[in-house]
Amino acid sequence: MRLPALFSVPGDALAGAAATGSAPGSRTLLAIGSSLCLYEAGMALNDWADRDIDAVERPHRPLPSGRVRPAAALTAACALTGAGLALAARAGRPALAVAAPLAATVWAYDLGLKHTPAGPVAMGAARGLDLLLGAAATAGRARPALPSAALLGTHTLAVTTVSRQEARGGSPLAPLAALATTALLTRQVTRRSAPPARGHGVPAKVTGTAHALTRPRRPTPSPAQESAALLTTALGAAYAATTARPYFHAALNPSPPLTQRAVGAGIRATIPLQATLAARSRGTATALLIAALAPLGARFAKKVSVT
């Protein structure tokens, strides 16, 4: 069930709520519960679908080692999917309208798309939909969260592309591409948006002092806006720092151990990225709450593998 990876899930719904400008509420909690169930359903279904491959490449895993029966894993995947959809339905129709395609994407990935070129795209779409689930549950609409979902989905696509060669190693191109993607995403999420200009629609003379006086001026950012910008920058730096070295090492030596370490770092980096997205949406408290999950995930990652 990959306990450490679970700490990367609640931030999806929280970042989605922040993107709508809404404070998290009881429906956000339902969305988080739905996300956790669907995420774990995907984990169990993944091991069930890959049990023959894992018997060769990773015989220590629960199913090939005999610690868990295949039927039990499949039953758990079905039950968790049902629970996830039920929780989304409790959060409202908009949330269920997002959770249903999310569940379908999870099952399609594990049962057919994982080993195809569409696999990373499907995984990125699933993570993006999970963020939209939080937005739909909290505010009843997902459209305002589309930019954040696209950024988070792009990060997940890059991590998934690297993970495709974690068992046997491979080309340095995948970790290099992931490193470049991280740099681009960091720049995008920490870039300050220009505040609205004043003076539009006011007639202005073309020449002389009147033109200078009526020129649109940008308002001075408030202390709260400055604090949010600083927090966004700090969290964006934490996101980049989490993945930079592991991706670089995997590019220099794309062996299975270093590639697995890079994938684990990419999964853990999801948390500071979610926090950055929330801070960028002026959800300071939500961003700090998401960031607090990172140490917990890192702590459990020392005991249980993330991948």
Side-chain angles (χ1 to χ4, degrees), residues 1-9 37-81 103-127 155-179 243 246-270 297-298 300-307:
M1 304 295 276
R2 324 272 210 287
L3 176 63
L6 275 183
F7 292 96
S8 72
V9 177
C37 288
L38 294 176
Y39 191 87
E40 288 290 35
M43 289 290 191
L45 186 64
N46 174 75
D47 278 16
W48 180 84
D50 284 355
R51 61 191 184 279
D52 293 335
I53 298 175
D54 287 343
V56 177
E57 297 181 349
R58 300 179 181 183
H60 61 280
R61 279 191 167 179
L63 269 67
S65 67
R67 299 196 306 275
V68 176
R69 293 181 295 106
L74 183 59
T75 300
C78 294
L80 287 165
T81 300
T105 303
V106 170
W107 278 73
Y109 173 81
D110 284 336
L111 297 183
L113 298 178
K114 181 178 181 180
H115 302 292
T116 71
V121 177
M123 184 63 77
R127 183 66 81 162
H155 165 76
T156 305
L157 186 153
V159 177
T160 307
T161 301
V162 177
S163 72
R164 293 165 73 88
Q165 57 187 41
E166 63 179 335
R168 300 179 180 178
S171 169
L173 293 180
L176 279 176
L179 186 61
T243 58
Y247 281 159
F248 183 68
H249 287 171
L252 292 177
N253 179 15
S255 61
L258 291 180
T259 302
Q260 291 170 17
R261 189 176 302 173
V263 173
I267 295 174
R268 293 194 303 274
T270 303
F300 283 99
K302 296 178 180 179
K303 300 181 180 180
V304 182
S305 174
V306 180
T307 64

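Scanning both residues, Pro254 and Ser171, for their nearest heavy atoms gives CB-O, 4.0 Å. Nearest approach of Gly266 to Thr243, heavy atoms of both residues: CA-CG2, 4.0 Å.
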* Before giving the answer on side-chain contact (heavy atoms from CB on, under 4.5 Å), spell out for Asp50 and Lys114 the whole-Å C-alpha distance, their side-chain angles and the decisive distance to 0.1 Å. => CA-CA 10 Å; Asp50 284 355; Lys114 181 178 181 180; 2.4 Å; yes

* To do: Start with the C-alpha distance between Ile267 and Phe7, add both sets of side-chain angles, then the distance that settles side-chain contact (heavy atoms from CB on, under 4.5 Å), and finish with yes or no.
  => CA-CA 10 Å; Ile267 295 174; Phe7 292 96; over 6 Å; no

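In this structure, the side-chain contact (heavy atoms from CB on, under 4.5 Å) partners of Ala55, at least two apart in sequence or on a different chain, are Pro64. Looking at residues two or more places apart in sequence or on another chain, you find no side-chain hydrogen bond (donor to acceptor under 3.5 Å, both in side chains) involving Asp110. Ser8 pairs by the side-chain hydrogen bond (donor to acceptor under 3.5 Å, both in side chains) definition with Arg127, not counting sequence neighbours. With sequence neighbours excluded, no residue forms a ring-ring contact (aromatic ring centres under 6.0 Å, His included) with Phe248. Pro257 pairs by the side-chain contact (heavy atoms from CB on, under 4.5 Å) definition with Ser255, not counting sequence neighbours. With sequence neighbours left out, the side-chain hydrogen bond (donor to acceptor under 3.5 Å, both in side chains) criterion links Trp107 to Thr81. The side-chain hydrogen bond (donor to acceptor under 3.5 Å, both in side chains) test applied to Ser163 returns no partner, not counting sequence neighbours. Taking Arg268 as the reference, nothing meets the salt bridge (charged side-chain N to carboxylate O under 4.0 Å, His left out) condition, with sequence neighbours excluded. Applying the ring-ring contact (aromatic ring centres under 6.0 Å, His included) criterion to Tyr39, with sequence neighbours excluded, gives no partner residue.
In this structure, the side chains of Leu6 and Leu3 come closer than 4.5 Å at one or more pairs of heavy atoms. Taking 4.5 Å as the limit, every side-chain heavy atom of Trp48 sits out of range of all side-chain heavy atoms of Val68. Taking 4.5 Å as the limit, some side-chain heavy atom of Val159 sits within range of a side-chain heavy atom of Val263.
Among residues at least two apart or in separate chains, salt bridge (Lys or Arg N to Asp or Glu O under 4.0 Å) pairs with a member in residues 37-49 are Arg2-Asp47, Asp47-Arg61.
To the nearest 0.5 Å, atom NE2 of residue His115 and atom OH of residue Tyr109 are 7.5 Å apart. If you take CG on Leu38 and OG1 on Thr105, they are separated by 10.5 Å, rounding to the nearest 0.5 Å. Considering NE2 of His155 and OG1 of Thr160, their distance stands at 8.5 Å, rounded to 0.5 Å. With values rounded to the nearest 0.5 angstrom, His60 atom NE2 is found 8.5 Å from Arg67 atom CZ.
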Which donor-acceptor pairs under 3.5 Å do side chains of residues 116-124 form with protein atoms, sequence neighbours excluded?
residue, atom, partner, partner atom, Å
Thr116, OG1, Leu113, O, 2.8
Thr116, OG1, Ala118, N, 3.3

